Colleague: 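Handing you a structure now.
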Amino acid sequence: MSLHFIKEAISPKELLREYPLPKEHALLKIERDKEIKKVFTGESDKFLVIIGPCSADNEDAVCDYICRLAKVQEKVKDKLILIPRIYTNKPRTTGEGYKGMVHQPDPEKKPDLFEGLIAIRKMHLRAIAETHLFAADEMLYPDNWSYLEDILSYVAIGARSVENQQHRLTVSGLDIPCGMKNPTSGDFSVMLNSCIAAQGRHTFLYRGWEVKSDGNPLTHTILRGAVNKRGICTPNYHYEDLQLLLSRYNDLDLQNPATIIDANHANSSKCYYEQPRIVSEVLHSRRVSKDIHRLVKGVMIESYIEPGNQGIHDHIYGKSITDACLGWDESEQLIYSIAENA
């Protein structure tokens, strides 16, 4: 056998016991989750902005960023709900490169999963204590959900995971909104089938247990653009794309039809500076169509303190070591613009 067992991982129960979410913060999360849920059920007309670094690579910089975000949230709270991205797993197309803090708490050192699990838990708890904001993360590994289940307010399933059965079944047992991205092919059917599966009830194996799920009615779609066989990006945030998605939703019996627009990735051809223009077009589509206004519940933006990205060894504070991001100044202005036009 070529799979080498190194050491047994800390259990979710142990990690949550060692690094618990304080009761007063747990109560705050209940209220925040209710506020977010009402956006998806249509009880609230607030607009979601899921924003933050491509990957959470440094606790101090991430918490610094979210503290800035919290000050802006207070100014736009009547119009927007800001959900910070704390993405601790990074999917790699070839399997090479930085795989996120859960694997490498220090990007320049060898992976240490035990240290990584503790590092991401501590970072989340610090961000909550300093800002009272609760984060979004990508569920790259369904088994890892249990380590963060009490502190996340939003989960995304990535383009390369959206067809995976274990992801779909695990989401069916969550009680927070979960966005299913379209696959890299751009196929809407795959994304919508994932929503159907995750909104259903299931019995399945999870972390060595037979479990039952009640279905997640807050499961929805995320449009992130497509990549064709020649590697050329094709956006899917335009008015016509939204109308097509709306018609597909109308053919299905899904609860709480909704979508989030990812302004980066294939929608921007990874040109991070295009994100404000893309968001502006999405907001325009919402203004000219009541149906699209009801369908599009928010946007997803990659943003950090410094614009662009850098190599792992460059050590520029608050600059992405994975995909390029908007800088803070542009991000702050973009949030205010969204508040004025959503």
Side-chain angles (χ1 to χ4, degrees), residues 39 46-55 65 69 72 76 79-85 87 136 138 154 156-159 162 179-188 191 220-228 231-246 248 258-289 291-304 306-309 320 322-342:
V39 174
K46 289 185 179 181
F47 195 70
L48 300 176
V49 180
I50 304 163
I51 185 169
C54 173
S55 60
Y65 176 90
L69 206 62
V72 177
V76 299
K79 295 284 190 71
L80 307 180
I81 298 175
L82 307 184
I83 304 177
R85 288 170 52 110
Y87 276 38
E138 179 177 345
Y154 185 91
I157 303 300
V162 72
M180 300 290 195
K181 289 195 174 185
N182 64 261
T184 53
S185 67
D187 189 339
F188 281 13
M191 171 179 66
H220 57 277
T221 60
I222 300 175
L223 298 181
R224 50 88 72 198
V227 183
N228 69 19
I232 298 172
C233 293
T234 304
N236 59 12
Y237 61 85
H238 297 308
Y239 183 88
E240 293 78 11
D241 300 300
L242 299 176
Q243 287 286 6
L244 175 60
L245 179 59
L246 187 62
R248 296 296 301 276
T259 196
I260 301 289
I261 309 302
D262 180 346
N264 212 12
H265 296 99
N267 270 333
S268 69
S269 297
K270 289 198 174 183
C271 297
Y272 71 93
Y273 47 82
E274 296 285 1
Q275 292 182 96
R277 178 189 60 77
I278 292 166
V279 170
S280 177
E281 181 176 329
V282 171
L283 296 178
H284 175 74
S285 295
R286 290 179 88 240
R287 287 195 299 273
V288 299
S289 168
D291 290 334
I292 289 177
H293 187 279
R294 283 190 292 268
L295 177 70
V296 179
K297 302 296 187 181
V299 290
M300 189 173 283
I301 298 162
E302 291 195 317
S303 156
Y304 211 176
E306 297 295 333
N309 59 353
S320 176
T322 48
D323 289 352
C325 299
L326 282 180
W328 173 252
D329 291 342
E330 303 96 326
S331 301
E332 184 177 15
Q333 291 307 309
L334 177 55
I335 293 169
Y336 293 139
S337 176
I338 295 171
E340 290 177 6
N341 295 287

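Everything numeric here is computed off the predicted structure, so don't read it as measured data.
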Colleague: So, do V39 and F47 sit near enough that their side-chain heavy atoms are less than 4.5 Å apart?
Modeller: no
Colleague: Would you find a donor on one side and an acceptor on the other, under 3.5 Å apart, between the side chain of S320 and the backbone of T322?
Modeller: yes
Colleague: Is there a donor-acceptor pair under 3.5 Å between the side chain of R85 and the backbone N or O of C54?
Modeller: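 Yes, because the side chain of R85 sits within donor-acceptor range (under 3.5 Å) of the backbone of C54.
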Colleague: K297: what forms a salt bridge (charged side-chain N to carboxylate O under 4.0 Å, His left out) with it, not counting sequence neighbours?
Modeller: none
Colleague: With distance as the sole criterion, is a donor-acceptor pair present between the side chains of H238 and D241 under 3.5 Å?
Modeller: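 D241 and H238 do not have a side-chain donor-acceptor pair below 3.5 Å.
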Colleague: Please list, chain by chain and in numerical order, all residues satisfying side chain to side chain donor-acceptor pair (under 3.5 Å) with S285, sequence neighbours excluded.
Modeller: none
Colleague: E302 vs L326, test: side-chain contact (heavy atoms from CB on, under 4.5 Å). Steps then yes/no.
Modeller: CA-CA 6 Å; E302 291 195 317; L326 282 180; over 6 Å; no
Colleague: Taking the side chain as every heavy atom from C-beta outward, state whether D262 and L223 have any pair of such atoms under 4.5 Å apart.
Modeller: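 They are not in side-chain contact.
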Colleague: Check whether any side-chain N or O of N182 sits under 3.5 Å from a backbone N or O of G225 as a donor-acceptor pair, and report yes or no.
Modeller: yes
Colleague: Just jot down the ring-ring contact (aromatic ring centres under 6.0 Å, His included) partners of H220, sequence neighbours excluded, or say none.
Modeller: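 F40, Y154.
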Colleague: Could you please spell out the steps behind the side-chain contact (heavy atoms from CB on, under 4.5 Å) verdict for E330 and Q275?
Modeller: CA-CA 10 Å; E330 303 96 326; Q275 292 182 96; over 6 Å; no
Colleague: Once ring-ring contact (aromatic ring centres under 6.0 Å, His included) is applied, do any residues pair with Y65, and if so which ones, sequence neighbours excluded?
Modeller: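 Partners of Y65 by the ring-ring contact (aromatic ring centres under 6.0 Å, His included) criterion, ordered by chain and then number, come out as W328.
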Colleague: Using ring-ring contact (aromatic ring centres under 6.0 Å, His included) as the criterion, list what pairs up with Y272, not counting sequence neighbours.
Modeller: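 In terms of ring-ring contact (aromatic ring centres under 6.0 Å, His included), with neighbours along the sequence ignored, Y272 is linked to no residue.
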Colleague: Looking only at heavy atoms, which two atoms of I278 and A263 are closest? And how far apart?
Modeller: CD1-O, 3.3 Å
Colleague: Would you call V279 and Y237 a side-chain contact if the rule is heavy atoms closer than 4.5 Å?
Modeller: no
Colleague: Please list all pairs passing the salt bridge (charged side-chain N to carboxylate O under 4.0 Å, His left out) test where one or both residues lie in residues 270-286, with sequence neighbours left out.
Modeller: K270-D323, E274-R277
Colleague: Would you confirm whether N267, through its side chain, and I261, through its main-chain N or O, come within 3.5 Å as a donor-acceptor pair?
Modeller: no
Colleague: Between K181 (side chain) and A159 (backbone), is there a donor-acceptor pair under 3.5 Å?
Modeller: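 Not at all, since once roles are kept as given, no pair shorter than 3.5 Å links the two residues.
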Colleague: Quiz question: by atom type and distance under 3.5 Å, do the side chains of E332 and Y336 form a donor-acceptor pair?
Modeller: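 Yes - a donor-acceptor pair under 3.5 Å links their side chains.
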Colleague: Looking at V299 and I301, what are the two nearest heavy atoms and their distance?
Modeller: CG2-CD1, 3.9 Å
Colleague: Tell me, do I51 and L69 make a side-chain contact under 4.5 Å, heavy atoms counted?
Modeller: yes
